[in-house]
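Labels below follow one simple rule: chain letters A, B, ... track the order of the sequence lines, proteins then strands, and each chain is numbered from 1.
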Amino acid sequence: MKPSIPKGTRDFSPEDMLKRNYLFDCIRSSFRRFGFLPLETPSMENISTLMGKYGEEGDKLIFKILNSGDYLEKADEKWLQDKDSKNLITQISEKALRYDLTVPFARYVVMHQHEIAFPFRRYQIQPVWRADRPQKGRYREFYQCDADVIGTDSLLCELELLQLIDDVFSKLSLKVLVLINNRKILSGMAEVLGEAERMTDITVAIDKLDKIGVEKVMEEMRTKGVSEAAIAQLDPFLRFRGSHEEKTALLKELLAGSETGQKGIGEVEELWKYARSMSFSHIRYELDITLARGLNYYTGAILEVKADDPRTTFASSICGGGRYDDLTGIFGLPGMSGVGISFGADRICDVMEELNLFPAAAAVSTRVLFVNFGEEDVPYSLQLLQELRKAGVNAEMYPDAAKLKKQFAYADDRKIPFVAMAGSEERKSGTVMLKNMQSGSQEQVGRENLAAWFTTTQQN
RNA sequence: GUGGAUGUAGCUCAGUUGGUUAGAGCGCCAGUUUGUGGCACUGGAGGUCGGGGGUUCGACCCCCCUCAUUCACCCCA
């Protein structure tokens, strides 16, 4: 049979992994720089923990795990006959693969509330699974890198997210655009329009504005049953172009009748006040009232990050996040506000690959390869090899006394920057010949200076 | 769940209105060089043309089915 892997999953070659690890290291070190603590949760959760947290669509995209053993034994006869999958699933599956890291985090916080010092800052870098249909930049298994602060509603946390994003993407040399909105503004809008109960429909439609245009957005709202009066009221807003100040001024006007809406604008203005006093190097940020985001649990700020480089073909978001005021409530711990961001490592990887942003050094693992000159000379090489490894230099020796051509070609292929030759001549003189594979130049180094040569100089 | 595209060598792809033995570039292996990789030259290995059925004297090419991949919609990292 032909071997294969499930749709939307991937193998990562050593070359891929070196790059991915570089990326993860960058993100992880930023997280730690900002005081976030590491956390991991199981790949699978009880299905009841996940269901209903991501909206109706989200439920469908959760990978369910079949119960062990004769899983149909306890299944209801009638539901089986009716092919009633929705009800049946509750009887044949009690576990599911995690869909994101935020809900498991909320579950963790509730379970461990008595041992946590709040506000709790945690980061979590783990894969998540979604039963989506794969396409460009969309995988069924992918890594999220989350940083969340829970246990405070201070808007300084939102500001910190901006700083964190800037910190990470500065390291990666990628310019990004941060789109920010606030759910309170969106619900205020629906309220003012007299369509409070249709908020989701309205926001989902508005979210498509830049993709399908004003007319189509209105059409979609009409088909969802939004009143003509409301649509007309929204019209100037959808067509609005202007500065941040003009935008908020217009918003204030529109949302004058909604307490929630006013609050949302207030939050935006406070965040902007803070942000303006900071300096950022790799992010631009703007208020985008068409940003909605699907995840149900967001209640305040929502944000999305896109690559801001004309060369990239990547239009989809590479980070997303926001504030959730009561995610722990459903697990029995109300009044616990949190805010967080999720970096989509796989998409960031794709963008960086496309823009050639991975430094060549990221692909280097072994720094020096020892040539194998045969039995006579191997012991000497082994000693030098051991000395280098003890000094913390990644080093290896070619296992066979193959032709030099082959050994050098191997080093070349592996992108190993240095080849060490320690044959009979070097052994007698207590030296080693180091060849720089990039420049082709060679240098004879005394054994006693070998480790220092790699650790103290700026050699590669 | 809905719609579109593509499946030919390890990879990227040619392949004429259907006509003998299916090609190229890159990669791979060997040699030119038994203490020196990349470059060059020489030689070599490697393909049930995704699978099944049909039309035809004859199918990589036309038709049907199927599988796989991919892009878009929905939604999202």
Check the distance between B:U69's P and A:Ile5's CD1 and give it to me in whole angstrom.
9 Å

I'd like to check the side chain to side chain donor-acceptor pair (under 3.5 Å) partners of A:Arg447; sequence neighbours left out, ordered by chain and number.
A:Gln383, A:Glu387

Sugar-phosphate only, base, or nothing, as touched by A:Lys415 at under 4.0 Å among non-hydrogen atoms:
nothing

Quick one: A:Lys7 NZ to B:C67 P, roughly how many Å, whole number?
10 Å

Validate the cation-pi geometry between A:Arg121 and A:Phe36: distance from NZ or CZ to the six-membered ring centre under 6.0 Å, angle to the ring axis within 45°.
yes

Cation-pi, A:Tyr99 ring and A:Arg130 (6.0 angstrom, 45 degrees)
yes

Please determine if A:Glu45 and A:Lys95 form a salt bridge, counting it only when a charged side-chain N lies under 4.0 Å from a carboxylate O.
no

Just so I know, are the side chains of A:Phe169 and A:Ile348 near enough to count as touching, which here means a heavy-atom distance under 4.5 Å?
yes

Whole angstroms only, please: what is the OH-P distance between A:Tyr297 and B:C76?
10 Å

Under 5.5 Å between ring centres and under 30° between planes: true for A:Tyr143 and the base of B:A77?
no

Atom C1', compared across B:U6 and B:C61: separation rounded to whole Å
16 Å

When you check the gap from the basic side-chain N to the acidic O, do A:Arg323 and A:Glu267 get nearer than 4.0 Å?
no

Atom P, compared across B:G43 and B:A24: separation rounded to whole Å
13 Å

In this structure, how many angstroms lie between the P atom of B:C75 and the CD atom of A:Glu304, rounded?
12 Å

Let me spell it out: for each of A:Ser317 and A:Gly8, pick the nucleotide of RNA chain B with the closest heavy atom. Which residue's pick is nearer the 5' end?
A:Gly8

Proximal nucleotide (of B:A77, B:A72, B:G37) relative to the A:Lys136 side chain
B:A72

Under the rule of Watson-Crick or G-U wobble with both distances under 3.5 Å, where | means paired to another strand and [ ] a crossing pair, RNA chain B maps to (((((((..((((.....[...)))).(((((.......))))).....(((((..]....))))))))))))....

C1'-based separation of B:U48 from B:U42 [nearest Å]:
32 Å

Rounded to the nearest angstrom, tell me the gap between atom NZ in A:Lys306 and atom P in B:C76.
13 Å

What is the separation between atom CG on A:Asp413 and atom C1' on B:G27, rounded to the nearest whole Å?
10 Å

Is there a side-chain contact between A:Phe63 and A:Arg140 in this structure, where contact means two heavy atoms from C-beta onward sitting under 4.5 Å apart?
yes

Report each atom pair, protein N/O against N/O of nucleotides 9-12 of chain B, whose distance is under 3.5 angstrom.
none

Tell me the interatomic distance from A:Asp132, atom CG, to B:C75, atom P, rounded to whole angstroms.
11 Å

For atom C1', what is the distance between B:G19 and B:C62, given to the nearest Å?
15 Å

Between A:Lys78 and A:Asp76, does at least one N-O distance fall below 4.0 Å, as a salt bridge requires?
no

How many Å lie between OH on A:Tyr410 and C1' on B:G37, as a whole number?
14 Å

Could you list the protein-to-nucleotides 2-6 of chain B atom pairs, N/O on both sides, closer than 3.5 Å?
| from | atom 1 | to | atom 2 | distance (Å) |
| --- | --- | --- | --- | --- |
| B:U2 | O4 | A:Arg133 | NE | 3.4 |
| B:U2 | O4 | A:Arg133 | NH1 | 2.9 |

With a non-hydrogen cut-off below 4.0 angstrom, is A:Gly440 in contact with a base, only sugar-phosphate, or nothing?
base

Each nucleotide N or O in nucleotides 33-35 of chain B that has a protein N or O under 3.5 Å away: list the pair and distance.
| from | atom 1 | to | atom 2 | distance (Å) |
| --- | --- | --- | --- | --- |
| B:G35 | O6 | A:Glu426 | OE1 | 3.2 |
| B:G35 | N1 | A:Glu426 | OE1 | 3.0 |
| B:G35 | N1 | A:Glu426 | OE2 | 3.0 |
| B:G35 | N2 | A:Glu426 | OE2 | 2.9 |

Distance-only side-chain donor-acceptor flag, A:Thr102 / A:Lys53, under 3.5 Å
no

Electrostatic pair A:Asp350:A:Arg347 at N-O distance under 4.0 angstrom
no

What is the nucleic acid contact for A:Ala409, judged by heavy atoms within less than 4.0 Å: base, sugar-phosphate only, or nothing?
sugar-phosphate

The salt bridge (Lys or Arg N to Asp or Glu O under 4.0 Å) partners of A:Asp148 (sequence neighbours excluded) come to A:Arg122

Pairing donors with acceptors under 3.5 angstrom, does anything connect the side chains of A:Asn436 and A:Ser441?
no

Parallel, tilted or perpendicular: which one describes the rings of A:Phe120 and A:Phe105, with boundaries at 30° and 60°?
tilted

Ignoring hydrogens and angles, does a donor from either the side chain of A:Arg138 or the base of B:C71 sit under 3.5 Å from an acceptor on the other?
no

Classify A:Tyr139 by what it touches in the nucleic acid, base, sugar-phosphate, or nothing, heavy-atom distance under 4.0 Å.
base

Does the B:G37 base have a donor-acceptor partner in the side chain of A:Lys406 within less than 3.5 Å?
no

Between A:Lys60 and A:Glu57, is there a salt bridge with N-O shorter than 4.0 Å?
yes

Rounded to whole angstrom, note down the P distance from B:U21 over to B:C60.
10 Å

Indicate yes or no: at least one non-hydrogen side-chain atom of A:Leu388 is less than 4.5 angstrom from one of A:Val368.
yes

Is any side-chain nitrogen or oxygen of A:Gln135 closer than 4.0 Å to OP1 or OP2 of B:A72?
yes

For atom C1', what is the distance between B:U12 and B:G35, given to the nearest Å?
38 Å

Inter-nucleotide C1' distance (B:U32, B:G18), Å rounded
46 Å

For B:A9 and B:A45, measure between their C1' atoms and round to the nearest Å.
11 Å

Could you tell me how the ring of A:Tyr324 sits relative to the ring of A:Tyr297: parallel (under 30°), tilted (30 to 60°) or perpendicular (over 60°)?
perpendicular

